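Throughout, residue positions are numbered sequentially from 1 according to the sequence presented. Computed from a predicted structure; not experimentally measured. Note that ligands are numbered from 1 as they come in the structure, with each ligand's atoms numbered from 1 the same way.
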Amino acid sequence: STKPRIVVLGAGYAGMMTTKKLMKNLSPEEAEIILVNKHNYHYQTTWLHEVAAGTINQNQARIMISDIISPNRVRLIYDTVVEIVKDENRIVLENSELTYDYLVISLGYETNTFGIEGMQEHAFFIENFESCQLIREHMEYQFAKYKNDPDADESSLTILVGGGGFTGIEFVGELVEKVPKLCRKYDIDRGKAKIINVEASPTILPGFDKNLVAYARKSLQERGAEIREGARIKKCTEEGFFVGDDNELIKAGTIVWTGGVTGNSILGKSGFELTKGKVTVNSDLRAPGYENIFILGDCAWVMNKVENRPYPPTAQAAMQHASTCGNNIKALLNQEPLEDFVFSDKGTVASLGVTDGMGTIFSGTKLFGKTAAAMKKVVDDRYLFLLGGPKLFLKKGKVRPF
Ligand code: FAD
Ligand code: NAD
């Protein structure tokens with residue numbers, strides 16, 4: 001056909017919302033839209049700590065893409081992107097190839113090990129839906145195995161979480177609820193199963209509000225988690241982490257690394273110029289030097305010009321990128337001027353299990369405890385509503401209206 005073809009890579013927050021925005025902004029006659037994703041489902045990356053801990057029914061955290069985006073309107077291709085040949089406007093997928101006129105790269109993050117020895121080989125990552133299913137199954141297996149092995153070492157019950165950023169802390173928040181249940185299920189003394197978080201900085205959640213950090217630390221400690229701050233992980237082996245200047249070995253049966261993220265490695269493979277694994281995009285969200293390529297979400301650094309540093313990678317930002325990108329593709333098609341991305345910060349709320357949490361909303365209002373936990377669920381459900389309207393919210397939402 002002679003219609004311009006828009007290809008969106010990755011059906012995460014940025015990819016799904018961009019596709020929806022394009023469907024709204026453009027008539028079927030104006031452009032062909034193609035969405036490429038590894039799986040036929042979209043998953044809630046922001047719920048992955050719950051999938052990993054096994055505190056949520058994992059199917060609640062994923063949605064069939066075709067339930068949200070009509071295959072009659074958007075061509076859905078379930079395949080893995082291997083490379084973007086950007087100077088030929090061509091994409092190589094595992095099973096086919098594709099050309100584009102306009103491209104949106106929204107392939108999300110990958111876990112960053114910073115080259116720490118043994119981390120890639122011996123630690124689990126909260127990286128995608130499948131890697132989290134593996135964590136959940138592995139923990140359960142460790143508990144079952146302990147009961148069936150007379151020589152078992154108690155440390156096989158320990159769950160070690162490396163990195164006390166939001167992902168690590170939210171995961172520990174789930175573990176303090178899950179581990180007592182696993183202990184009951186396998187008839188194991190709760191005192192034997194340790195949960196240990198190791199953070200290199202002097203404090204967990206470095207840079208976040210001090211009172212909220214203190215609240216989170218106390219809440220997790222009171223429910224049985226050990227928080228080791230100022231403890232840098234130097235090496236990982238199948239036994240555990242080696243930590244600090246004296247190389248203390250902390251042994252565990254389940255080792256999870258939540259020490260950092262970087263952009264999808266497809267960016268590097270495709271020859272984009274990278275800054276710490278991501279592309280620093282122009283203020284209209286296009287890749288420097290490419291008038292027809294947008295890079296969104298966790299693949300992009302978007303500069304906060306006021307503070308002269310990039311915004312942190314969040315779902316909140318990814319969804320806002322999608323809106324600007326949808327408008328800018330329409331502007332390009334109509335030969336109109338493009339808009340600059342402007343971030344609207346709605347705050348940061350973290351869960352500490354099902355009924356506890358903490359965070360800030362709007363311009364700094366602090367929330368603790370049940371109120372924060374409820375707010376987190378509202379934030380999660382708001383997204384479902386934006387994505388799939390009341391039907392999706394009723395099907396997969398966390399706040400039960402009835
Ligand atoms: P993603 O949502 O990760 O989507 C990427 C998509 O690309 C996936 O569907 C994936 O399957 C697909 N994909 C990847 N590689 C390929 C390939 N080669 N070929 C085809 N498809 C591919 N942010 C917040 O704002 N609030 C929160 O409360 C929050 N909580 C979080 C909790 C956890 C546990 C984690 C890990 C992150 C959290 N974040 C939160 C951060 C947020 O999840 C990310 O910033 C957000 O997911 C980025 O969106 P994205 O669209 O760039 O990527
Ligand atoms: P992060 O980079 O924010 O945190 C990683 C943590 O690991 C840091 O505290 C760092 O000091 C620590 N670390 C790094 N190397 C270490 C080492 N060798 N030894 C010990 N500790 C080490 O990564 P993240 O927590 O995965 O978060 C990624 C992004 O997702 C962030 O932008 C975050 O804001 C966002 N996120 C948001 C929420 C929320 O809003 N509720 C939840 C999860 C993630």
Taking the six-membered ring for Trp, are Phe341 and Tyr311 parallel (under 30°), tilted (30 to 60°) or perpendicular (over 60°)?
perpendicular
Considering heavy atoms of the protein only, find what lies nearest to atom 4 (O) of ligand 2 and give residue, atom and distance to 0.1 Å.
Gly165 CA, 3.4 Å
For ligand 2, which is the ligand I care about here, please tell me if Phe166 has any N or O atom under 3.5 Å from one of the ligand's N or O atoms.
yes
Less than 3.5 Å between some nitrogen or oxygen of Ile116 and one of ligand 2, yes or no?
no
One pair to check against side chain to side chain contact (heavy atoms under 4.5 Å, CB included): Glu339 and Asn328. What are the steps and the verdict?
CA-CA 6 Å; Glu339 64 182 55; Asn328 280 347; 3.3 Å; yes
Can you tell me which residues line ligand 1 if we count any heavy atom under 4.0 angstrom from one of its atoms, in chain and number order?
Gly10, Ala11, Gly12, Tyr13, Ala14, Asn37, Lys38, His39, Tyr43, Thr45, Thr46, His49, Asp79, Thr80, Val81, Ser106, Leu107, Gly108, Tyr109, Thr167, Glu170, Asn264, Gly297, Asp298, Pro313, Thr314, Ala315, Gln316, Ala318, Lys376
Ignoring hydrogens, what is the shortest heavy-atom contact between Ala52 and Ile126? Give both atom names and the distance.
CB-CD1, 4.2 Å
Should the ring pair Phe114 and Trp257 be called parallel, tilted or perpendicular, given that the plane angle runs from 0 to 90° and is split at 30 and 60?
perpendicular
Ignoring hydrogens, just give me the one of Arg232, Met358, Lys235, Glu199 whose non-hydrogen atom is nearest atom 8 (C) of ligand 2.
Glu199
Heavy atom of the protein closest to atom 28 (C) of ligand 2 (residue, atom name, distance):
Val261 CG2, 3.8 Å
Which atoms of ligand 2 sit under 4.0 Å from any heavy atom of Thr258?
5 (C)
Using a 4.0 Å heavy-atom cut-off, say whether Lys234 meets ligand 2 through its side chain, its backbone, both or neither.
neither
Protein heavy atom at shortest distance from atom 20 (C) of ligand 2:
Ala200 N, 3.2 Å
Can you give me the closest heavy-atom contact between Lys305 and Ser283, atom names plus distance?
NZ-CB, 3.5 Å
Close N or O approach (Ile233, ligand 2; < 3.5 Å)
yes
Does the N or O separation between Val349 and ligand 2 drop below 3.5 Å for any pair?
yes
Short question: side chain of Asn197, backbone of Gly168 - any donor-acceptor pair under 3.5 Å?
no
Any N/O of Trp257 closer than 3.5 Å to an N/O of ligand 2?
no
Could you list which atoms of ligand 2 come closer than 4.0 Å to a heavy atom of Thr348?
40 (O)
Is Thr167 close to ligand 2, meaning an N/O of one under 3.5 Å from an N/O of the other?
yes
Would you call the rings of Tyr13 and His42 parallel, tilted or perpendicular, where under 30° means parallel and over 60° means perpendicular?
perpendicular
Any side-chain donor near an acceptor of the partner, Ser201 and Glu199, under 3.5 Å
yes
So, is Glu170 polar-close to ligand 2, with some N/O to N/O distance under 3.5 Å?
yes
Where is the tightest heavy-atom contact between Met358 and Phe208, given as atom of each residue plus distance?
SD-CE2, 3.7 Å
Have a look at Leu160 and tell me which of Val243, Val256, Val198, Thr254 forms a side-chain contact (heavy atoms from CB on, under 4.5 Å) with it.
Val198
Check whether any side-chain N or O of Gln60 sits under 3.5 Å from a backbone N or O of Lys396 as a donor-acceptor pair, and report yes or no.
yes
Which of the atoms of ligand 2 are close to Pro206, meaning less than 4.0 Å from one of its heavy atoms?
9 (O)
By the definition side-chain contact (heavy atoms from CB on, under 4.5 Å), identify the one residue from Asp380, Val379, Thr167, Thr314 that meets it with Thr46.
Asp380
Within the structure, does at least one protein heavy atom fall under 4.0 Å of atom 18 (N) of ligand 2?
yes
Look at atom 13 (N) of ligand 2 and say which protein heavy atom is nearest, naming residue and atom and giving the distance to 0.1 Å.
Gly259 O, 3.9 Å
At a 4.0 Å threshold, what atoms of ligand 2 neighbour a non-hydrogen atom of Ser201?
11 (O)
Inter- and intrachain pairs under ring pair (Phe, Tyr, Trp, His ring centres under 6.0 Å), touching residues 273-306, at least two apart:
none
Could you name the option among Pro312, Gly359, Pro313, Gly162 that has the heavy atom nearest to atom 33 (C) of ligand 2?
Pro313
List the steps and the verdict of side chain to side chain contact (heavy atoms under 4.5 Å, CB included) for Ile196 and Ile159.
CA-CA 6 Å; Ile196 307 174; Ile159 302 162; over 6 Å; no
In the protein, which heavy atom is nearest to atom 2 (O) of ligand 2, and how far is it?
Gly260 CA, 3.9 Å
Mind checking whether Tyr41 and His39 have parallel, tilted or perpendicular rings, split at 30° and 60°?
parallel
Quick check on Ala231 - does any of its heavy atoms sit under 4.0 Å from an atom of ligand 2?
yes
Are Asp356 and Ser219 close enough, and set up right, to give a side-chain hydrogen bond (donor to acceptor under 3.5 Å, both in side chains), and what steps lead you there?
CA-CA 8 Å; Asp356 199 5; Ser219 162; 2.7 Å; yes
